[in-house]
Protein chains: 2
Amino acid sequence: MTITITLLIVNSTFILYYFHVTDTVNPGKPYDSAEFPPFAVTVDIAIFTIVDEEFSLLLIQRGGDPFKDAWALPGGFVQPDEDLDTAAARELSEETGIDSASHLEQLKTYGAPERDPRMRVVSAAYWAVVPRLGAPSAGSDARRALFVPVREIEAGQYDLAFDHQHIVGDAIERARAKLEYSAIATSFCDREFTLSELRKVYETVWGVPLEPANFARKAQQCEGFLQPLERTISPSSGTGRPAQLFRAGTANEIQPPFKRP
Amino acid sequence: MTITITLLIVNSTFILYYFHVTDTVNPGKPYDSAEFPPFAVTVDIAIFTIVDEEFSLLLIQRGGDPFKDAWALPGGFVQPDEDLDTAAARELSEETGIDSASHLEQLKTYGAPERDPRMRVVSAAYWAVVPRLGAPSAGSDARRALFVPVREIEAGQYDLAFDHQHIVGDAIERARAKLEYSAIATSFCDREFTLSELRKVYETVWGVPLEPANFARKAQQCEGFLQPLERTISPSSGTGRPAQLFRAGTANEIQPPFKRP
DNA sequence: TCAAAAGTGTTAATTCTACACCCATGT
DNA sequence: ACATGGGTGTAGAATTAACACTTTTGA
């Protein structure tokens, strides 16, 4: 039997790169990693939030090659006995400190052969929505992590690594689309929120103004969307009539929400 | 340096199963496939069509273990220099003989650690829609391939291998949902079709009747959905006034189609 | 009392639904 | 002629969009 192996060192760990086995005793089809290559499987996450009335996405500046200094989505290897969803939740928690709670769902999987110049990497991309929070914890590595306005990414102001420009485009599209037929908007808000805050989410993500009066009516009519509380926002929090508080309802898929004008 | 390898034979080819490398000269972190396991990456496809007014899905009966004799989605390994989309298109073509043309899109990726008892397999699931055609070509292997009514699958009448019951459920849901805001319905029809045929698609997939008059109006109003031909269906093809023929329009995403009642 | 924000009422425009009716063809 | 499926017209219902108006607070 002949065995040929090539290893690669990525992030100080060995990664199997090429592998070939020929059985000389019972010659059958050999195992050749050029034919059945060991894929690396990663997850990448597009984490959205609203910062200063800007629809924003978390990006990380890469510290090493390839694509040194370019920006990228947070992500990492899927561990051996970990589901993809679990890996994504772990990455989300590592980057933002947020456990479960918020919205996290699979976006799409990207597996073009040359998407990572080092080896064959298939990446399951996820997207998440977190309530506005302070600066993202920069993570255990001292990498720069930043919430960046989606507007600036779409304007091409960030040089993104790998195929992340493509992934980010898909994620933005999905997030905007899903506002229209799901209760995802509430994930941008804190646990308790007013109808104005919720409306601001739609206006910010879609970049259009919505009629406050009509919005309030529709939101409350919508079965399972909102859970009204018997309290108003603390009156001292601004001038004007104090707004009623709500929590997110139980329904994930909601019927007739708001149309993107 | 110490190397430990376990190989597995799947479908008459070796698959790398376990792999461990320790560098005894420069002892660093060893490569251990229990930590960075080589994932196998496959694609599985849910191929939908309409057979005898039944919304149907292509299933294949497995010839070998595991899950011998259970039904499964067609699928296979992603080749080394193949994109995921390419692999899916290849599988679709192998199973149905259909090249490109029809609708094919990624559904979701499934990667639970124990989903395949043999090894760690991550499967990118796709879904496709093909026009009604004769019996599916049984493929190069002499496996049984069959279009099965979705109704019967939902009733649990088929024992599905791996996590394919789960995948199939997601695919059905997606197909039904996407009728509502895309031009996918035309993919169920032949290249030229009448409004009745198109309406029958909606009625069959959703399992509800639609008002023919209103349907025809909406379909034709809908920008980019249909391309009217100057011909009618051959009058001899039935009694009644011959219907006008249409082709699919150019738009993939259409604005205000038909609501699932 | 005034400004500001929350929330309610109301009306005209639009869209949708249901069904009546006309059209073109085979028998 | 008439049965059958294709296609148009239309009136009433339902929904929507726009804006005027009332309520509750801070200053």
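Please read all numbers here as calculations on a predicted model, not as lab measurements. Here is the naming used below: chain letters follow the sequence lines, and residue numbers restart at 1 for every chain.
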Find the distance [X]:[atom1] to [N]:[atom2] and express it as a whole number of Å.
X	N	atom1	atom2	result
B:Leu195	C:dA24	CG	P	17 Å
A:Phe215	C:dG7	CZ	P	12 Å
B:Gln244	C:dA24	CD	C1'	14 Å
B:Phe193	D:dG5	CZ	C1'	18 Å
B:Arg231	C:dA24	CZ	C1'	18 Å

Tell me if the centroids of the rings in A:Phe147 and A:Phe48 come within less than 6.0 Å of each other.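 No; A:Phe48 has its ring centre 6.0 Å or more from that of A:Phe147.
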
Ring center gap for B:His164 and B:Trp71 short of 6.0 angstrom: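 So the answer is no for these two rings.
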
Between A:Tyr158 and A:Leu57, is there a side-chain heavy-atom distance shorter than 4.5 Å?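 Result no, sub-4.5 Å side-chain heavy-atom pair not found.
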
Is the closest side-chain heavy-atom distance between B:Gln244 and B:Leu229 below 4.5 Å?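 They are not in side-chain contact.
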
Can we say A:Lys200 and A:Glu54 salt-bridge, meaning some charged N sits less than 4.0 Å from an Asp/Glu carboxylate O?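 Not counted as a salt bridge, because no side-chain N and carboxylate O are separated by less than 4.0 Å.
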
Salt bridge present between A:Arg176 and A:Glu154 (N-O < 4.0 angstrom):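 Result for this pair is yes, salt bridge flagged.
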
With heavy atoms under 4.0 Å as the rule, sort B:Ser196 into base, sugar-phosphate or nothing.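 If one applies the 4.0 Å heavy-atom cut-off, B:Ser196 turns out to touch the sugar-phosphate alone, with no base involved.
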
Using heavy atoms to find the nearest nucleotide of DNA chain C for B:Gln221 and A:Ala243 separately, return the residue whose nucleotide is more 5′.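 Result of the comparison: A:Ala243.
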
Quick tally for nucleotides 17-27 of chain D: nucleotides whose base has a protein heavy atom under 4.0 Å get B, sugar-phosphate-only ones S, the rest -, giving BBB---BBBS-

